Structure formats: structure tokens, C-alpha cells
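Have a look at the structure below before the remarks.
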Amino acid sequence: MEYKFNEIEKKWQEHWKAGNTYKVSNQSDKPKYYVLDMFPYPSGAGLHVGHPLGYIASDIYSRYKRLKGYNVLHPMGFDSFGLPAEQYAIETGQHPAETTKKNIATFKSQLDKIGFCYDWDREVRTSDASYYKWTQWIFLQLYNSYFCNTQQKALPILELVKKYETKGCSKFTADQWNSYSKNEQEEILMNRRLAFSKYGEVNWCEALGTVLANDEVVNGVSERGGHPVEKKKMRQWYLRITAYADRLLDGLETVEFSESMKEMQRNWIGKSQGAEITFKIVNGESSMVNELLTVYTTRPDTIFGVDFMVVAPELELVQQIKSADQSAAVDEYIAYVKSRSDVDRMAEKKITGCFTGAYAVNPFDGRQIPVWISEYVLAGYGTGAIMAVPCGDERDFKFAQHFNIPITNIIGTYFNGEEANPTKEAFLENSGFLNGMKMTDAMEAVLHKLEANAIGKRKVNYKMRDAGFSRQRYWGEPFPIIWSDGVPVALDAAELPLELPHVDKYGPGPEGEGPLANITNWINVELPGTSVSGRRETSTMPGYAGSSWYFLRYMDPSNSETFCNRKASDYWNQVDLYIGGTEHAVGHLLYSRLWTKVLFDLGYIGYDEPFKKLLNQGMIQGSSRFVYRYKNEPNVFVSKEMRHEYHWRWFCKNDPDYINGSDIEKEIIKDKVWNKEKSNDKYDEIHVDVNFVDGFKLDIDKFKHWKPEYNNVTIIPENDMSYICGSETEKMSKRYFNTVDPSDLCNAYGADTFRMYEMFLGPVEASKPWDTKGIEGVHRFLRKLWRLFFDEVKGPIWTTVAPSPLERAGGEASNAELKVLHKTIKRIEEDTERFSFNTAVSTFMICVNELADIKCHKKEMLEQVLILLTPYAPHIAEELWHQLGNAGSVLDATYPVFNPALLVESSKEYPVSINGKLRTNINLALDLEQADVEKLVLENETVQKWLEGKMPKKIIYVKNKMVNVVI
RNA sequence: GCCCAGAUGGCGGAAUUGGUAGACGCAGCAGACUCAAAAUCUGCCGCCCACAAGGUGUGCAGGUUCGAUUCCUGUUCUGGGCACCA
């Protein structure tokens with residue numbers, strides 16, 4: 001009987017579906033376990049082999065936990081709002097709802113082919129009104145809450161209003177508050193709401209009349225059309241994530257994320273302790289300007305080393321302080337900066353800047369310090385201005401050097417004049433009252449004096465900024481907000497969902513508003529329950545809105561009364577294992593942590609961290625293949641290793657100097673032309689579909705039929721008539737023709753082979769290029785496993801012979817088969833527990849190799865192996881399980897228990913090194929002590945040879961590890 | 001530029017806590033079976049030298065150690081993120 005994987009997999013997938021095998025209940029006596037994959041965006045390109053890497057890992061772990069007796073939640077759904085669908089709609093006119101539906105259907109059929117154990121009844125889609133109703137509802141919770149600084153948690157905004165009405169606050173009395181107009185009150189509350197609106201900058205493209213995503217801006221111009229892009233201020237919604245900065249930091253201590261992941265989040269939050277210092281400004285023409293410059297610094301101890309100030313060019317202040325003769329230069333520089341993205345600005349190595357003509361006065365020694373503007377200072381961080389200390393800060397140092405600003409050395413010999421030294425250990429010089437003080441102590445002294453003289457104050461600062469929450473787009477959640485007289489009015493929860501209206505055109509609205517602004521009968525409404533006219537918010541929510549809370553919806557996916565029943569969220573609690581890429585390190589993970597904390601504060605859920613353990617999957621990169629088109633003859637494609645020769649031959653036929661030259665001249669020309677690098681430049685590298693290439697060998701026929709323009713091309717192959725392609729590792733993407741469809745591999749080798757091969761490629765956490773070639777090896781392994789049960793001619797060959805009680809007892813009597821089995825149980829369990837799925841696959845290979853070597857066909861042994869294999873290759877395991885005559889499903893079998901007694905050994909082949917270099921092996925009993933070992937080792941022939949009669953200085957013996965003789 | 005990660009044979013990788021570098025698989029080479037092929041099986045397979053013995057070897061340069069792929073310092077290159085791709 002043959003291993004007919006296609007039949008087997010189809011049969012069991014249908015069987016499992018019909019039997020509701022993956023249905024998960026919220027009620028169970030078993031302990032719960034929640035395994036979650038990061039929410040996929042259903043792109044039009046479908047699934048490629050890079051996507052399922054994490055899904056297979058999570059599926060294996062889910063099935064493993066199920067076998068171990070857990071009630072496992074392992075859901076899947078789609079983050080179906082997003083820019084690409086809208087972009088596609090603009091290009092093709094197809095409605096995003098339609099294309100999204102189609103894409104999801106493709107994704108689901110691809111996922112199902114791989115045999116995942118999802119409970120599809122729990123599927124969620126962020127673009128369904130039944131889902132985004134609750135996204136909008138949570139937005140309203142954020143909008144109607146504020147962060148109480150004393151309790152360090154979110155509270156209903158009404159409590160703040162009550163406080164203002166009765167007690168007022170430090171800025172106004174209760175009476176004052178009560179006398180404010182509605183608009184004035186609203187403005188004050190807006191400063192506290194967790195979801196709030198203010199003016200912010202966007203990438204504005206005048207030519208396209210639209211706001212662009214950072215992604216759509218390349219080198220300062222729009223990706224489509226190459227039009228100029230500049231910053232524009234627009235009213236935007238934000239989430240006050242900065243209020244939660246400390247709790248987001250503290251929460252990291254309670255979760256199992258990798259240290260690097262936590263580090264990235266900490267750096268993103270960027271908490272620093274320092275001081276805000278205010279400087280008086282004097283103008284270059286010496287007439288006092290009545291302006292103050294406030295800088296933020298983490299190093300107040302270096303105050304006497306300040307040689308210049310740098311202000312973010314976009315600060316208003318710049319206009320007020322610039323001197324008349326620098327005015328034109330300043331404006332010119334600001335225009336340049338406006339055209340640059342934040343990323344460009346930060347990535348820039350070139351030093352740019354402009355002197356404003358103004359000077360700041362050092363409050364301690366009265367020194368006048370020039371004020372510059374430069375793009376390396378960002379308006380959003382700190383006060384948007386820094387005091388530059390070139391002897392202590394590298395970037396300041398380079399700036400000073402570039403613009404010839406004299407450098408004051410306050411750290412004596414610590415500064416060598418060649419590069420800045422950010423030390424905190426130096427004893428200060430040239431530092432007025434701080435002279436001779438250690439920098440770490442000076443910090444406190446300066447802070448004290450700053451506060452005493454009211455020229456500065458201690459300040460904790462965060463690099464993190466509030467999260468922009470508006471998108472000038474169509475395909476997203478509409479905001480449940482109506483604007484009236486410049487004041488936002490929130491819809492009542494009962495009015496949700498506010499459905500996304502249908503549109504036929506996706507172009508931007510006036511003034512850079514989103515497409516919704518064009519639907520006048522939708523935007524112009526009366527405030528609920530009144531006749532006051534209002535206008536709906538026309539922007540939509542960003543991609544991360546829906547994905548910030550989806551893990552909760554899976555627990556209670558069809559509830560129409562609430563976003564997630566408290567009983568359900570209490571039962572499933574945190575996600576026990578979350579698998580996804582590091583590209584979400586800061587964005588998605590911080591946002592969902594924020595939402596969870598707010599929902600917790602408001603009492604809707606019982607925990608404030610969503611993900612208990614995070615496992616990062618690596619990226620699978622594409623391995624692209626190239627063909628080489630000869631530039632001199634565009635109809636000719638030359639194989640990789642023939643490029644040089646072909647070009648030389650062409651040259652000999654076509655270069656008149658060579659043809660007519662003498663033999664000596666020919667030699668000289670040949671010397672010049674005979675250069676491989678140069679001849680390779682004579683070819684265009686053209687991406688070719690990797691599916692036409694076996695390893696590096698091109699299927700010439702398929703290539704010629706790929707595109708009409710290739711039908712009649714000339715192919716110059718290698719000497720063995722094959723065409724060898726070039727290769728490069730790139731991102732896996734349709735446009736490089738390097739995507740591989742998992743469904744194709746499932747059809748050709750089976751889902752079980754595909755699953756195991758993806759795992760076999762390497763550690764889940766590692767990034768690696770995809771290469772289909774090795775899949776054969778895994779497939780051979782499964783066929784070899786099959787042959788332990790079936791012989792092609794004889795049919796079933798398993799036996800019901802069982803090990804004797806003595807063999808089962810372990811020790812010396814245990815037989816080879818039991819040893820193999822229990823060694824495997826131990827390793828598979830350990831490897832699976834530590835997510836080392838690649839070594840688990842090789843353990844299975846070793847197990848099957850060894851069982852085949854000792855011709856083990858015992859049902860009792862093989863059965864146990866099948867259970868171990870079930871999480872990895874469920875279809876073949878279920879098939880063989882039933883072939884052996886078992887009634888129930890292997891998915892719910894009892895997981896084998898490792899018996900250490902079976903693996904006990906009495907001796908070991910020890911490696912013996914001389915001075916750390918391996919020279920020989922000696923078999924030693926495991927219970928030997930140092931003295932016995934020394935004696936035995938010294939008797940050894942090889943050891944004696946190296947000793948040359950001398951006595952060793954030392955013999956190191958590490959039990960069960962090794963012996964090292966030091967001479 | 002800043003933050004994070006990675007680098008081991010022709011290739012993917014293994015070595016779980018500082019203790020035999022290269023498990024397992026791919027590719028390759030040689031052989032068995034076969035009319036032949038496929039499938040399967042056996043053996044070889046880091047590099048240098050080669051009869052052996054040996055030398056050398058985990059991106060690069062140093063260091064700690066009896067012993068370093070593993071720890072430390074520096075450095076190069078590659079990948080991810082940098083706030084509107086998801």
C-alpha cells in the first residue's frame with residue numbers, strides 16, 4: 001500500500017470538518033490554553049510560503065497542548081481594513097468590500113489546505129459592521145475617559161467634569177469652570193480625553209490632492225507620479241498613549257517577551273530624567289527680544305559646556321527670534337526641511353543647519369550662545385530645542401566642527417579634541433560653581449540651583465508621542481463623531497455601528513479630507529435628538545484600531561450585546577502564546593497593550609496585559625532567480641556562466657579594431673576586454689518566476705511560454721545544454737516573481753510534508769531564504785515512516801508483539817526499540833516545549849531511521865510515535881492510527897510518558913583532550929571518581945605519546961562530559 | 001543616523017548551562033538492485049597536507065579560560081523597526 005497523501009489529507013480534513021473536531025467551547029473541565037497568531041491582512045496576492053511559518057508553529061503547539069489535555073483556543077480571522085484594498089479600488093474601480101471578500105476566501109482555502117486546527121466559527125473580520133461596531137464602541141470609551149494622574153488609571157471623563165464643577169483644579173476654580181461656555185469647557189476636556197483631537201502634521205501631496213502614508217512617500221516625493229510632498233497641519237484624532245508610558249514600561253516586567261523585544265519597546269517609550277532649562281534670548285543686533293527658549297536636556301551637569309543651541313526648524317519661536325540679516329537664510333532652510341520626511345531627517349548623515357542670528361544667554365555665566373536651527377532636532381521630542389555640548393555629544397561635536405563653532409572643554413583630559421566623550425565620570429572644568437565636581441554629583445547641584453532660581457525644573461521626558469488615530473481614507477472604521485460648531489459630539493453607544501457608507505469613487509475629498517467628505521448626504525446630519533446641524537467626522541480609523549483588541553473578540557465572537565462577555569474573557573484570560581513577526585515590535589504590540597490597559601481600568605476585562613508570552617517568528621525571504629539578457633542583442637538570453645564567453649565572441653565578431661588588428665594588437669585588446677566583471681555589465685538581470693526554475697536550472701520551455709515577448713528569444717545555454725540562473729535573496733513579493741504558493745506544495749508533496757518542511761528550515765525565530773529544493777528530504781522521511789507500517793508488496797507489516805515485562809522494566813534489560821522510543825519521547829517533548837520545531841523534525845527523522853535499521857514494526861511502539869507526530873503531521877498520523885485499528889481520533893489520544901529508567905547507561909565514550917585539543921576517546925564507567933579517571937587516562941597510549949614521559953600539570957575531569965589533560 | 005537582531009561546510013541548519021564543531025536534511029561523488037529509469041539501499045562528503053601522523057577551522061581583530069560557535073572589547077556586513085504598509 002502506497003502513501004497517497006492527497007487522498008489521505010482530503011479524507012481527514014473533510015472528516016474533521018464534518019465532526020466539528022476543532023470546535024472550541026467556553027466551558028470545560030480542562031485547563032485552558034490560548035494560542036494566537038498575529039492578525040493577517042488578506043492581501044490580494046494570497047498566501048505565500050512566508051506567511052504560514054508562524055501559523056504552523058502555533059498549530060503544532062495548539063495540537064500538542066490539546067494532546068496534553070488542555071482546552072485550546074486557536075482562532076483565526078482577518079484584519080481586513082487597510083490601504084492596499086483601497087489602492088486597488090482606485091486602480092480597478094472594484095469596491096474594497098468585494099475584493100476583500102474574495103481575498104479572504106482565497107486565504108481561507110489556502111489555510112485549510114495546510115490543515116490548521118482553527119475553529120472557523122470564531123472567525124472575525126475587522127471590516128464587518130458586527131465587529132467594527134465594537135471598535136467604535138471602544139473608541140467611545142477612550143473618548144469618554146481621562147487618565148487620572150493620582151490613581152494612574154483611566155476614569156470616566158464625567159468624574160473629571162464633576163470635579164471641575166465642584167472643586168475646580170489648579171488652573172481654574174469651580175465657579176470659573178461653570179462660567180465657561182460649552183466650547184471652552186470642551187476645549188479643556190479635550191486636553192484630558194484618552195481619544196482626543198488636535199492639529200497635527202500629515203504628508204500632503206498637492207498634485208494628488210491627498211494625504212500620503214509614509215509608505216507612499218519615497219525620497220520626499222510621492223511614490224505614484226513623483227510629485228512633491230510637504231507637511232501640512234490638519235485636525236487629527238490621537239490616542240493619549242503617553243499617559244500610559246509608565247504603565248507600559250512597568251507591564252513589561254510581567255510578560256514573557258524576548259529581552260530584545262522589551263528593549264525595543266523601552267527605547268520607543270524612551271523615558272529619560274533630565275531638566276527643562278529656560279534661556280533668555282538676545283538678538284544679534286543687540287536689541288533685547290522678549291523671548292525665552294526652553295530646552296530639554298538629560299545632562300544639566302554640562303550647562304557650562306553649551307556652545308550653541310539647536311531649535312527644531314518648525315517651531316514658531318524661530319520666526320520671532322531670527323535676526324533681519326539671517327531671515328532669508330532661515331526661511332530658505334525651513335523650506336528645505338518641510339520637504340523632508342522625519343525618516344529622511346533622522347537618517348541623514350549630511351550635516352545641515354542655519355544660524356538664526358539670535359543668542360541665548362547662559363543663566364549661570366551670562367555667556368551668549370548662538371541659536372541655530374537644524375533638522376536633526378525634531379519638534380515633537382522634548383521642547384523641540386536642545387542645548388548643544390560638543391565636547392560631550394557626538395552629534396553636537398560634528399555639528400560644531402562642520403560650522404566652525406568653538407568648542408568649550410569642560411571635562412579636561414577626558415576630551416581629546418578628536419571626538420566627543422559622553423562620560424559622566426569626569427571632574428568638571430571651565431564650569432563656574434561646578435569646577436572640580438564630579439559630573440554625577442554636578443547633576444544634582446545644577447538641578448537644585450535651577451529650581452532655586454526658577455530658571456528650570458526637573459523633568460521626566462518620553463520620546464514616545466501620542467498615537468495618530470486619523471486616516472484620510474475610505475476603507476476603515478468611521479468615527480462615531482459629529483462635529484458641531486467646532487466641537488465634537490460623540491454618538492451614543494446605542495447608535496452603533498455607524499456603518500461605512502458605500503461609495504463608487506475613492507478620490508480624496510476637499511482640503512485633503514478623506515473620500516467620505518464627498519458623500520454630502522452622509523456627512524451632513526443633525527445632532528442626535530436635536531435639530532442642530534452637524535457634520536460627521538470624515539476621516540477613518542487606522543489599521544491598528546481593529547487589531548488592538550481582536551484577541552478579545554475571538555473569545556466571544558458573535559455577541560451582539562457587548563464586545564466580549566466578561567465571563568468569556570475571564571475564562572480565556574490572557575493569550576498564553578502569541579506568535580508573530582518582530583515588525584510589530586512597537587506599533588501593534590504597544591497599541592494593543594494600551595487598549596487592554598484602558599479596558600481593564602474601566603472594568604471591562606480582568607487583566608491589563610493581553611499577551612503573556614510572545615514568540616517572534618522570523619521572516620522567510622524570497623530567493624529570486626534571474627535570466628541575463630544581452631544588451632547588444634536584446635533577443636538573446638545567456639546562461640550565467642556563459643555570459644563572459646558569449647560577450648567575448650560577440651566582441652571578436654563586431655569590434656573593427658579587433659577584427660582588423662594585428663595579432664599583437666589583438667592580444668592587447670583581449671587583455672583589456674577579458675574582464676569578467678565588465679562583461680557581466682553587458683547584461684540586464686531580469687527576474688524570472690522561481691516556479692520555472694529547479695534549483696538554478698531554468699525550465700527553458702516554461703520560460704519561453706511565460707510571456708509573449710519571450711516566445712522567440714534565443715537561449716545560450718551552458719555546455720551541458722542547461723540554462724543556469726543567477727540568484728539573490730530579496731523580500732518575498734509578487735513583483736520579484738519569487739513567491740511560492742503553499743497550496744502548490746501541498747498538492748505536490750502533501751500538507752504534512754509542507755508543515756514539517758517549513759519547520760525543518762530552521763528556528764522559527766530566525767529569518768531565512770526560502771528554497772523549495774530540500775522539501776524532498778522531509779517527504780522521503782514521511783514515506784519511510786509509512787514503510788514501517790506497509791510494504792508495497794506485502795501490505796501491512798506491523799506486528800502485535802509486545803515487549804516483555806523485563807524489557808519494560810528498564811536498566812540493562814531494556815531493548816533497543818524501547819530506547820529509541822523513549823529517547824524520542826523525551827526529545828520531542830522538550831523540543832516542542834521550547835518551540836524548537838526544527839530539531840524536533842530531525843528527531844523524528846532519527847527515530848524513523850533507527851526504527852527502520854532495527855526493523856521495528858511493533859504496533860505498540862509505532863502507535864506511540866504516531867501520537868508524538870500528530871501535532872506536526874496530523875493527517876498521516878490519523879490515517880495510520882486508524883489503519884492500526886484504533887477507534888477514536890489520534891488528535892485526542894493520550895500523550896506518551898517518558899520513562900527515564902529505559903535510558904540508563906553505565907559507561908560513556910569520553911573525549912580526551914590534550915591542552916584542549918581532542919586527541920582520543922576512552923570508554924569509562926560513569927561512576928568513576930577523579931583519581932580512578934586520572935589513572936586510566938595516564939595508561940592510555942595516545943595520552944602517553946603526547947606526554948612524552950612527562951607528568952601532566954593537571955587533569956580536568958567533568959563527569960559525563962569530557963577529560964582534558966594539561967601538559 | 002538611532003534602536004533591535006543575525007553571521008557556522010556548496011546550501012538550510014545542529015551543538016539546550018563554557019566541555020567531542022558540522023547532528024538531521026538538501027546538493028554532490030562512488031557503489032548495489034534494474035534491460036533501463038524511478039524508487040529504495042550502502043558508503044564517502046569543512047579546508048590544507050596526505051601513507052600515516054598532523055595542521056587549520058564557527059564574519060573579522062583582540063581578550064578571559066585547562067578549554068570559547070557559546071563570555072568580554074572593538075569592528076565589518078546583512079536583516080527588521082523608526083510613529084499613516086500591515
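As the structure is a computational prediction, the values presented were derived from the model and not from experiment. Chain letters run A, B, ... following the sequence lines, proteins first and then strands; every chain starts at 1.
- Put simply, the residue from A:Trp237, A:Tyr544, A:Tyr238 that forms a ring pair (Phe, Tyr, Trp, His ring centres under 6.0 Å) with A:Phe469 is A:Tyr544.
- B:rC2 and B:rG57 have their P atoms separated by 33 Å, given to the nearest Å.
- Of the candidates B:rC84, B:rC85, B:rG13, the closest approach to any side-chain atom of A:Lys768 belongs to B:rG13.
- Here A:Met464 lies in heavy-atom contact (under 4.0 Å) with a base.
- Between B:rA14 and B:rA21, the two C1' atoms lie 9 Å apart (nearest whole Å).
- Straight-line distance from the CD1 atom of A:Ile620 to the P atom of B:rG13: 10 Å, rounded to whole Å.
- Residue contacts shown for A:Arg266 are absent, as no nucleic acid heavy atom lies under 4.0 Å away.
- Ring planes of A:Trp549 and A:Tyr131: parallel class, angle under 30° (limits at 30 and 60°).
- Comparing the same atom, C1', in B:rU58 and in B:rG9 gives a spacing of 10 Å after rounding to whole Å.
- A:Gln472 comes within 4.0 angstrom of a nucleotide base, judged by non-hydrogen atoms across all strands.
- For the 3.5 Å distance criterion, the side chains of A:Asn267 and A:Lys463 fail to qualify, holding no donor opposite an acceptor.
- Rounded to whole angstrom, the span from the CG atom of A:Asn915 across to the P atom of B:rC66 amounts to 11 Å.
- A:His48 places a side-chain heavy atom less than 4.5 Å from the side chain of A:His51.
- Look at the P atom in both B:rC72 and B:rU65: the space between them is 16 Å, to the nearest Å.
- A:Gln472 and A:Ser470 are not linked by any side-chain donor-acceptor pair at a separation below 3.5 angstrom, with hydrogens and angles left out of the test.
- Using a 4.0 Å heavy-atom criterion, one finds that A:Lys945 contacts the sugar-phosphate atoms exclusively.
- Checked against B:rG54, B:rC66, B:rA83, the side chain of A:Arg465 finds its nearest nucleotide in B:rA83.
- Among the heavy atoms of the strands, none lies under 4.0 Å from A:Gln617.
- As rounded to whole Å, 11 Å separates atom P of B:rG12 from atom CG of A:Leu761.
- Residue contacts for A:Ser470: at a heavy-atom cut-off of 4.0 Å it reaches a base atom on one of the strands shown.
- In terms of polar N and O atoms assigned as donor or acceptor, the side chain of A:Asn214 never comes within less than 3.5 Å of the base of B:rC84 in a complementary pairing.
- When only modelled atom types and interatomic distance are considered, A:Thr942 and A:Arg919 share no side-chain donor-acceptor pair under 3.5 Å.
- Here A:Lys917 does not reach the OP1 or OP2 of B:rC66: none of its side-chain N or O atoms lies under 4.0 Å away.
- Between the CD atom of A:Glu86 and the C1' atom of B:rA86 there is a distance of 14 Å, rounded to whole Å.
- When the nucleotides B:rG54, B:rA83, B:rC66 are ranked by their closest atom to the side chain of A:Trp268, B:rA83 comes out on top.
- Residue contacts for A:Lys784: at a heavy-atom cut-off of 4.0 Å it reaches the sugar-phosphate backbone alone, with no base atom in range.
- In this entry the distance linking CG of A:Asn267 with C1' of B:rA83 reads 15 Å, nearest Å.
- Residues A:Thr540 and A:Trp475 are not in side-chain contact: their nearest non-hydrogen atoms beyond the backbone lie 4.5 Å or more apart.
- Remark: A:Lys731 is not positioned above the aromatic ring of A:Tyr736, lacking an NZ or CZ atom under 6.0 angstrom from the ring centre and at most 45 degrees off the axis.
- Contacts between residues 823-836 of chain A and RNA chain B, counted as heavy-atom distances below 4.0 Å, involve A:Glu830, A:Arg834.
- Out of B:rA5, B:rG80, B:rG54, the shortest distance to the side chain of A:Met264 is found at B:rG80.
- With a 3.5 Å limit on both pairing distances and Watson-Crick or G-U wobble geometry required, the stems of 3 or more pairs in RNA chain B span B:1-7 with B:76-82, B:10-12 with B:24-26, B:28-32 with B:40-44, B:46-48 with B:54-56, B:59-63 with B:71-75.
- Scored by the ring pair (Phe, Tyr, Trp, His ring centres under 6.0 Å) test, A:Tyr41 finds no partners at all (sequence neighbours excluded).
- Across all strands, A:Gly587 comes closer than 4.0 Å to no nucleic acid atom at all (heavy-atom distances).
- Remark: the A:Thr352 side chain and the A:Glu375 side chain contain an N/O donor-acceptor pair separated by less than 3.5 Å.
- A:Arg787 has a side-chain polar atom (N or O) that falls below the 4.0 Å cut-off from OP1 or OP2 of B:rC41.
- A donor-acceptor contact closer than 3.5 angstrom links the side chains of A:Asp466 and A:Thr242.
- Between the side chains of A:Thr582 and A:Asn616, not a single donor N or O lies within less than 3.5 Å of an accepting N or O.
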Determine, for nucleotides 20-38 of chain B in 5'-to-3' order, which nucleotides have protein heavy atoms under 4.0 Å from the base (write B), from only the sugar-phosphate (write S), or from neither (write -). B--BBSSS-----------
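- Comparing the C1' positions of B:rC24 and B:rA32 gives an interatomic distance of 24 Å, to the nearest angstrom.
- Going from the P atom of B:rG1 to that of B:rU8 covers 24 Å, rounded to whole Å.
- Distance CG (A:Leu788) to P (B:rC41): 11 Å, rounded to an integer number of Å.
- In this structure, A:Arg780 and A:Met845 have side chains that are not in contact, with every pair of non-hydrogen atoms separated by 4.5 Å or more.
- Legend: residues meeting ring pair (Phe, Tyr, Trp, His ring centres under 6.0 Å) with A:Phe781, ordered by chain and number and at least two apart, are absent.
- Comparing B:rG63 with B:rU70, their C1' atoms sit 15 Å apart, to the nearest whole Å.
- Taking atom CD on A:Glu259 and atom P on B:rC3, their separation rounds to 17 Å, with Å as the unit.
- Between the side chain of A:Glu263 and the base of B:rC3 there is no donor-acceptor pair of N/O atoms closer than 3.5 Å.
- With sequence neighbours left out, A:Glu830 forms a salt bridge (Lys or Arg N to Asp or Glu O under 4.0 Å) with A:Lys826.
- Counting any heavy atom pair closer than 4.0 Å across all strands shown, A:His588 reaches no nucleic acid atom.
- Each of A:Pro40 and A:Ser767 was matched to the nucleotide of RNA chain B holding its nearest heavy atom; the match closer to the 5' end belongs to A:Ser767.
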